Number of protein chains: 2
Amino acid sequence: MMKTDSNGLPSVQQLNGTFEIANPCAACDVRTRAVCAALSNAELTELSQHSRHKDLSAGDTVFFEGDPAEAYYVVMDGALKLYKLLADGRRQITGFLFKGDFVGLAFHTDHIFTAEALKSSKLCQLPKQKFENVADHAPQLGHRLLTLASAGIASAQEQMLLLGRKTAAERLASFLLWLSTVQGREAAKPLDRISVPMSRADMGDYLGLTVETVSRTVTKFKTSGLIRLCDHNEIEICDRETLSSIADGEDLS
Amino acid sequence: MMKTDSNGLPSVQQLNGTFEIANPCAACDVRTRAVCAALSNAELTELSQHSRHKDLSAGDTVFFEGDPAEAYYVVMDGALKLYKLLADGRRQITGFLFKGDFVGLAFHTDHIFTAEALKSSKLCQLPKQKFENVADHAPQLGHRLLTLASAGIASAQEQMLLLGRKTAAERLASFLLWLSTVQGREAAKPLDRISVPMSRADMGDYLGLTVETVSRTVTKFKTSGLIRLCDHNEIEICDRETLSSIADGEDLS
DNA sequence: CGTCGCATTGACTCTATTCAATCCGGGTGG
DNA sequence: CCACCCGGATTGAATAGAGTCAATGCGACG
């Protein structure tokens, strides 16, 4: 019954001592960090039979605010923005999602935000009902979802502090450091050179500022030597210390 | 083994056909609406053996941001505010809790906000470990917690929209309507006369405004006939329609 | 009756917004 | 290859909405 990979690489199908033939999840890039990490191979197989991968281009919408919620998603690659709109078009981005992130907390029947790709991305779509069936029989998963939700609330509260009480400079500094942390997840340490897949307008709508204010503040940071703008929408953090004290509202200069 | 009430009232200990001697939860005022609603009587008995009631006066602190988290709480009566501080004292209130609300999402080891009583209140304190033990064996409870967390994220996103994109008038209108909804929970319909247990400063720190701006905006609403200030920190909503359209950013007058 | 804390009101300031004019880089088509 | 275009980014000047500072009002309480 042994099956060897034709290319000689250790077969991902041999994980866990059992053969998981035709289980696409076993080879999944974000398997260990996504919600799925909480699932046994059997549950994963069960779920994977209903999962579908979706490829998105920059600007593609996954679902709109108000749409009936029909699925959960795991971001396999790329980046998304989540946002809410007011009647007159004012927009608030409530979060950015990256590789490994989960979309599915915070809605029951209808979506309460729009989800849109910032760049070409790949999602794993899990039908609502199927996922909930699995979740109901996998306490591990329930536990993990609760942990994720808990972290979500914590970061939402941090964002409230930012939006309600921080200055433009403090907001931008907080944002850059957050991006650095997020992008350093895989390396398990903050990155000094971060890629910024969102536009200035997106940053503004996330930070409760206008494009112009974001741009001006970026320029100020650049002039002060705190950051450096590189090609391809990358920013290098040059003075993390000062940036941190600004972000925490300790530095009034 | 029969035990009759000395005062002759129908004994709450006789609920559910079994004798729940010394189960204070059975008589609990918020039993049906709090997290506890998800627990069976047996689980409730188990948990209640470790629960402790705490009486608070206005201004009393339940725990501080940064303190190690040692317990979960259910608000049995009264009202709390949750807030975060910046180094220089700027404050953001991230939520108000009322009768039936649960404190315990959004922290794992340390508290990420301070919890303080707005007026004299009564809490039910559930030791962290005990509660989690029960939760681990009661999928119903896990499910309920997830629902609560989900609702928490949803309202946090709504608050981000408010803080990031709404004007002072829109914020206040949203707040008043929210208070109306919350206080109408028991009656299952929004109340027109609401009690406002928090100070103008608290409202400001919740809405990302200063005391003065809150006060001015309240006056403006009063002058426009949208609300009426009554005695004892009560406010009457006179024109819910207009207030709603302002809250949703539809009305620019 | 006086005091204390909170709320209100007024006058002025300032931060971020608005409106408007470039600037810049990448892609397209001649 | 280069001129042109287009969307996003930057910069400037003027404005407005909320903040700050300060005085006064008001009600509860001792």
Side-chain angles (χ1 to χ4, degrees), chain A residues 57-59 81 86 88-93 118-119 162-173 175 195-224 227-235 246 249 252-253, chain B residues 57-59 81 86 88-92 118-120 162-173 175-176 195-224 227-235 246 249 251-253:
Chain A
S57 304
K81 63 183 173 198
L86 285 174
D88 62 1
R90 276 174 287 170
R91 189 176 67 149
Q92 178 66 38
I93 292 183
L118 286 172
K119 58 177 183 180
L162 181 150
L163 292 169
R165 289 300 178 218
K166 290 189 182 178
T167 65
E170 290 164 356
R171 294 180 198 203
L172 182 65
F175 176 69
S195 91
V196 183
M198 63 288 287
S199 68
R200 294 288 185 268
D202 286 339
M203 290 169 59
D205 283 344
Y206 182 59
L207 300 174
L209 301 169
T210 57
V211 194
E212 295 93 329
T213 302
V214 171
S215 184
R216 274 185 253 269
T217 312
V218 166
T219 304
K220 210 183 301 172
F221 280 4
K222 192 178 56 179
T223 310
S224 318
I227 61 173
R228 211 165 56 80
L229 300 195
C230 317
D231 289 344
H232 310 302
N233 294 325
E234 290 200 331
I235 291 182
I246 292 176
L252 303 177
S253 66
Chain B
S57 305
K81 62 183 172 196
L86 285 172
D88 61 0
R90 275 174 287 170
R91 187 176 69 149
Q92 179 66 38
L118 287 173
K119 58 177 183 178
S120 68
L162 180 151
L163 292 169
R165 289 298 177 219
K166 290 189 181 177
T167 65
E170 290 163 357
R171 294 180 198 202
L172 182 65
F175 176 70
L176 292 175
S195 91
V196 183
M198 63 288 287
S199 68
R200 295 289 185 267
D202 286 338
M203 290 169 59
D205 283 344
Y206 182 61
L207 300 173
L209 301 169
T210 57
V211 193
E212 294 92 331
T213 302
V214 171
S215 184
R216 273 185 255 269
T217 312
V218 167
T219 304
K220 209 183 303 172
F221 281 4
K222 191 178 56 180
T223 310
S224 316
I227 60 173
R228 212 166 56 81
L229 301 195
C230 317
D231 289 344
H232 310 301
N233 295 324
E234 289 199 331
I235 291 183
I246 292 176
D251 197 322
L252 304 176
S253 63

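As the structure is a prediction and not an experimental result, all values here were calculated from the model.
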Nearest-nucleotide 5' precedence on DNA chain C, B/Arg165 against B/Met198 =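 Looking at DNA chain C, the more 5' nearest nucleotide goes with B/Met198.
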
key: Nucleic acid contacts - residues 200-211 of chain A versus DNA chain C, non-hydrogen atoms under 4.0 Å   =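 Correct list: A/Gly208, A/Leu209, A/Thr210.
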
Write down the atom of [X], the atom of [Y], and the distance for their closest heavy-atom approach.
X        : Y        : result
A/Arg171 : A/Gly208 : NH1-O, 3.4 Å
B/Lys166 : A/Arg90  : CA-NH1, 3.9 Å
A/Arg165 : B/Gln92  : CG-OE1, 3.6 Å
B/Leu118 : B/Met198 : CD2-CB, 4.0 Å
A/Leu163 : A/Tyr206 : CD2-O, 3.8 Å
B/Ile227 : B/Val218 : CD1-O, 3.9 Å

request  = Not counting sequence neighbours, which residues clear side-chain hydrogen bond (donor to acceptor under 3.5 Å, both in side chains) with B/Thr217? List them please.
outcome  =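 Applying side-chain hydrogen bond (donor to acceptor under 3.5 Å, both in side chains) to B/Thr217 gives none.
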
inquiry  = Checking A/Arg216 against A/Thr210 for the side chain to side chain contact (heavy atoms under 4.5 Å, CB included) test, could you report, in this order, the C-alpha distance in whole Å, the side-chain angles of both residues, the deciding distance, and whether it holds?
reply    = CA-CA 10 Å; A/Arg216 274 185 253 269; A/Thr210 57; over 6 Å; no

key: Those residues that, when tested against A/Arg200, pass salt bridge (charged side-chain N to carboxylate O under 4.0 Å, His left out) (two or more places apart)   =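 None.
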
note = A/Glu212 meets the salt bridge (charged side-chain N to carboxylate O under 4.0 Å, His left out) criterion, sequence neighbours left out, with none

message = Using heavy-atom distances to pick each residue's nearest nucleotide on DNA chain D, tell me which of A/Val214 and B/His232 is more 5'.
response =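 Residue closer to the 5' terminus by nearest nucleotide: A/Val214.
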
Length of the line joining [X]:[atom1] and [N]:[atom2], which is rounded to integer Å:
X        : N     : atom1 : atom2 : value
B/Leu118 : C/dC6 : CG    : P     : 13 Å
B/Phe221 : C/dT9 : CZ    : C1'   : 18 Å
B/Leu229 : C/dT8 : CG    : P     : 7 Å
B/Glu234 : C/dA7 : CD    : C1'   : 18 Å
B/Lys222 : C/dA7 : NZ    : P     : 13 Å

Beyond-backbone contact of A/Leu172 with A/Met203, side-chain heavy atoms, under 4.5 angstrom =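 A side-chain contact under 4.5 Å exists here.
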
message = Any base atoms under 4.0 Å from B/Ser199, or only sugar-phosphate, or nothing? Heavy atoms, all strands.
response = sugar-phosphate

query = For DNA chain D, which nucleotides open and close the run of contacts to chain A, 5' to 3', at under 4.0 angstrom from a non-hydrogen atom?
reply =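 Terminal contacting nucleotides, 5' to 3': D/dA9 to D/dA13.
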
Under 3.5 Å, which protein N or O atoms sit close to an N or O of nucleotides 19-21 of chain C? Give each pair with its distance.
residue, atom, partner, partner atom, Å
C/dC19, N4, A/Glu212, OE2, 3.0

